[in-house]
Amino acid sequence: MTTLRDQLTLTRRHVLAGTAAVGAAVVAGTSLTTSTSSDVPTVLAQDASPAAGEDGFVEPMQYASEDGQLSVTLQAMADETATIARMGYNGMTPGPTLRMRPGDTVRVALVNALPEMTNIHVHGLHVSPSGNSDNIFLHIEPGQTFNYEYAIPADHPPGIYWYHPHPHGHTALQVLNGLAGAIIVEGGLDDLPQLTGLRERLMLIQGPLQGQDRSALHLVNGQERPTVTIQPGETQRWRIANMSANQFYNLQLVGHQFHCIATDGNPLPERETMDLLLLGPGERAEVLVQGGAAGIYELRSLAWAPDIPSQTQEQVSLVTVVSGGDPVEPMELPTTLIPIRDLGDANLDGRREITFQESSTGPAFNIDGKAFVMDRVDQVVKLDTIEEWTIRNESPEWHPFHIHVNDYQVMSINGSPVTPRWEDTTLIPPHGEFVMRTHFKDFTGRFVYHCHILSHEDAGMMATIEVVE
Ligand code: C2O
Ligand code: CU
Ligand code: CU
């Protein structure tokens with residue numbers, strides 16, 4: 001079995017071997033000469049520097065749709081001389097944030113300037129998995145450009161999503177080296193009167209990225225331990241994403257609580273207040289934070305899974321939060337947010353059981369005893385049916401379950417009912433299970449479900465589903 005460390009070493013060599021060509025092209029400013037068939041305006045890295053707020057907190061630069069259209073070029077590139085991440089989109093880690101609205105048409109020209117194949121996946125978006133939409137079975141070879149086009153449904157849930165490469169066998173290393181960016185679908189909570197006017201922060205967590213000095217870095221918006229300022233009593237809205245390949249972030253803001261208002265791209269029906277916010281790889285949340293008494297506080301990820309040696313993580317400091325300036329009267333936090341569809345009473349068209357397994361005799365990381373095979377169809381589902389899936393974890397490790405295209409309602413975890421919520425990525429506890437309900441509403445086609453620990457996914461913990469008429 002290849003360990004992640006082995007794979008990393010392999011890829012480092014792989015990346016180095018391809019660096020001369022890629023590096024030269026970038027330096028000469030002719031990096032897009034391979035882009036032949038693209039009718040999409042080209043955005044070069046030089047146009048795009050990240051924006052820093054007045055307190056110096058850096059957020060990725062944004063491309064926002066206009067008149068229902070968003071067209072961008074994302075060039076996946078490698079740079080072995082980079083100090084922070086070895087790969088980025090348009091030279092940036094994270095890549096640019098794509099902002100859109102329900103009903104928009106979004107075009108992404110992906111230019112592959114990497115020395116290996118890649119592709120792009122829009123994690124959590126409810127769009128077609130076929131053709132040149134969210135089709136992760138496509139492989140874009142080095143030097144090629146591919147034009148993706150996504151029709152965002154008019155009733156698409158507003159919230160935070162993300163994009164990242166998904167070429168089987170290469171996903172973990174490309175994400176681990178920095179290829180990822182945020183997607184924001186506007187509306188929903190943005191329009192809730194109690195939330196309008198709040199200062200918003202986007203916090204995209206990546207790590208451990210290997211810097212030039214080979215130390216492992218945990219970064220927020222590409223920065224090591226940036227500073228965020230807040231006034232005592234001020235309420236801010238933070239959108240937080242775990243864009244790491246394999247890392248869990250068990251977040252704590254010392255002296256503060258998180259008032260959670262959305263999970264993945266879905267608003268909660270009611271605010272949930274918590275001391276710790278656990279985000280597995282691929283998960284996102286939106287929280288309200290109210291500035292405490294003037295002082296300096298640490299946003300950190302607590303030590304994780306001390307009793308599971310293969311998943312143990314040390315405590316790590318992510319952001320320095322400075323509460324200062326004029327105190328303001330804390331606003332009353334909303335309790336009720338946005339009503340959600342509850343499938344609790346739905347008529348079920350079927351039930352399935354899915355089991356995540358690790359094996360010393362069969363495929364090391366598998367689902368239902370089988371390692372991923374691209375051309376095999378593992379589940380066939382009829383369009384416009386509602387099903388209940390029980391997703392089990394027979395292994396002693398954590399696995400974040402994720403499915404493309406259709407979000408689902410989490411019904412229970414280890415048998416305990418949870419307050420209704422919709423997610424696209426959910427942690428299955430070691431030797432545990434969760435139950436979800438989902439509606440294969442409006443897209444036929446073939447897509448995948450998998451563990452979002454990307455080294456597990458690359459090792460075979462992924463399967464395919466086809467929705468048919
Ligand atoms: Cu975020 Cu199939 O992945
Ligand atoms: Cu996904
Ligand atoms: Cu896993």
Side-chain angles (χ1 to χ4, degrees), residues 1 3-4 94-95 118-129 133-138 148 150 159-172 174-176 179-183 204-206 241-248 264-266 279-284 304-305 308 310-311 354-359 363-368 371-372 374 391-408 423-434 438 443 445-465:
M1 192 175 81
T3 65
L4 186 63
T118 190
N119 62 15
I120 213 157
H121 166 53
V122 284
H123 178 127
L125 286 191
H126 180 62
V127 295
S128 165
S133 182
D134 191 22
N135 179 351
I136 55 93
F137 298 105
L138 296 169
Y148 290 92
Y150 311 101
I160 175 168
Y161 302 90
W162 63 301
Y163 61 88
H164 62 79
H166 214 296
H168 185 55
H170 301 247
T171 302
Q174 291 185 10
V175 173
L176 195 63
L179 287 171
I183 294 172
L204 310 177
I205 313 177
Q206 291 172 292
N242 180 347
M243 292 185 176
S244 73
N246 303 311
Q247 193 81 12
F248 290 74
D264 295 339
N266 301 286
L279 294 179
E283 292 190 295
R284 294 88 64 213
W304 172 250
I308 308 174
S310 53
Q311 295 191 310
I354 310 280
T355 307
F356 282 56
Q357 296 166 319
E358 292 179 32
S359 161
F365 292 94
N366 68 73
I367 297 177
D368 297 321
F372 178 68
M374 183 121 66
I391 296 155
R392 295 217 165 83
N393 175 1
E394 283 184 352
S395 83
E397 290 193 294
W398 290 83
H399 299 287
F401 169 87
H402 170 56
I403 188 166
H404 292 199
V405 183
N406 296 289
D407 283 16
Y408 49 81
E423 297 186 346
D424 59 51
T425 309
T426 303
L427 296 174
I428 338 170
H431 298 294
E433 64 175 46
F434 80 99
T438 187
F443 294 115
R446 211 158 64 89
F447 50 97
V448 291
Y449 54 97
H450 58 87
C451 177
H452 218 288
I453 291 178
L454 299 178
S455 56
H456 293 182
E457 174 194 323
D458 279 340
M461 203 172 244
M462 175 152 70
T464 65
I465 172 170

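In listed order, ligands and their atoms are each counted from 1. Note that this is a predicted model, so its numbers are computed, not measured. Throughout, numbering of the chain's residues begins at 1 and tracks the sequence.
- At distances below 3.5 Å, not a single donor-acceptor pair connects side-chain atoms of Asn242 with backbone N or O atoms of Gly282.
- Ring geometry for His404 versus His450: interplanar angle over 60°, hence perpendicular rather than tilted (30 to 60°).
- Relative to the ring axis of Phe356, Arg392 does not place its NZ or CZ within 45° and under 6.0 Å from the centre.
- Residue-and-atom listing of protein N/O/S atoms under 2.8 Å from the Cu ion (ligand 2), sorted by chain and number: His121 NE2, His402 NE2.
- Here the closest heavy-atom approach between residue Ala172 and residue Ser455 is recorded as CB-N, 3.7 Å.
- Summary: ND1 is the N/O/S atom of His456 found nearest to the Cu ion (ligand 3).
- Of the possible donor and acceptor atoms, none in the side chain of Asn393 sits under 3.5 Å from a partner among the backbone N and O of Glu433.
- The angle His452:NE2 - atom 1 (Cu) of ligand 1 - His123:ND1 amounts to 100°, with values rounded to 10 degrees.
- Side-chain atoms of His170 and Asp458 include no donor-acceptor pair closer than 3.5 Å.
- Checked against atom 1 (Cu) of ligand 1, the N, O or S atom of His164 at the shortest distance is NE2.
- Within His399, the N, O or S atom lying nearest to the Cu ion (ligand 3) carries the name ND1.
- Rounding to the nearest 0.5 Å places OH of Tyr449 at 15.5 Å from OG1 of Thr425.
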Worksheet item: Please walk me through it: do His164 and Leu179 pass side chain to side chain contact (heavy atoms under 4.5 Å, CB included)?
Response: CA-CA 6 Å; His164 62 79; Leu179 287 171; over 6 Å; no
